[in-house]
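Sending over a structure as structure tokens; questions will come in a sec.
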Amino acid sequence: MDMSAEEIKQFWHGFCQRRKIGAEMIAKGDAEIDKDPEYWADQTMGDLLDKLSGKKPS
């Protein structure tokens with residue numbers, strides 16, 4: 001089943017809330033999700049956080 005951008009963002013927001021991530025980083029993640037929701041539907045939220053933090057994938 002495909003996920004909408006809003007569903008992905010809800011998951012992202014929950015991920016951020018559990019980790020006490022600030023509103024600025026949440027907004028950056030929302031923007032990334034909006035750019036390519038199909039891609040982010042298949043990635044982990046940890047991957048998104050790493051991208052936003054400038055970390056290299058392992």
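Below, each value reflects all heavy atoms present in this structure, side chains not excepted, and no hydrogens, waters or symmetry copies.
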List the residues meeting salt bridge (charged side-chain N to carboxylate O under 4.0 Å, His left out) with K20, not counting sequence neighbours, and say none if there are none.
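Scan of K20 (salt bridge (charged side-chain N to carboxylate O under 4.0 Å, His left out), adjacent residues dropped) gives none.
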Smallest separation among heavy atoms of I33 and A5, with atom names
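Smallest interatomic distance, heavy atoms only, reads CG2-O, 3.9 Å.
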N/O donor to acceptor pairs below 3.5 angstrom from side-chain atoms of residues 11-18, sequence neighbours left out:
unit_1, atom_1, unit_2, atom_2, d
W12, NE1, I26, O, 3.1
H13, NE2, D30, OD1, 2.8
H13, NE2, D30, OD2, 3.1
R18, NH1, G14, O, 3.1

Can you tell whether the side chains of K28 and E24 come within less than 4.0 Å, N to carboxylate O?
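E24 and K28: salt-bridged.
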So how far is it from D42 CG to D47 CG, rounded to the nearest 0.5 Å?
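So the gap between those two atoms works out to 11.0 Å.
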For the CG atom of L52 and the CE atom of M45, what is their distance to the nearest 0.5 Å?
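Interatomic distance, L52 CG to M45 CE, rounded to 0.5 Å: 10.0 Å.
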Considering non-hydrogen atoms only, spot the tightest contact between K35 and P37 and give its length.
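In terms of heavy atoms, the two residues are closest at C-CD, 3.9 Å.
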Spacing of L49 atom CG and K51 atom NZ [to the nearest 0.5 Å]:
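Going from the CG atom of L49 to the NZ atom of K51 covers 12.5 Å.
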Are side-chain heavy atoms of Q43 and L48 found at a separation under 4.5 Å?
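Result no, sub-4.5 Å side-chain heavy-atom pair not found.
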Output the distance between atom CH2 (W40) and atom CE (M3), rounded to the nearest 0.5 Å.
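With rounding to 0.5 Å, CH2 (W40) is 13.5 Å from CE (M3).
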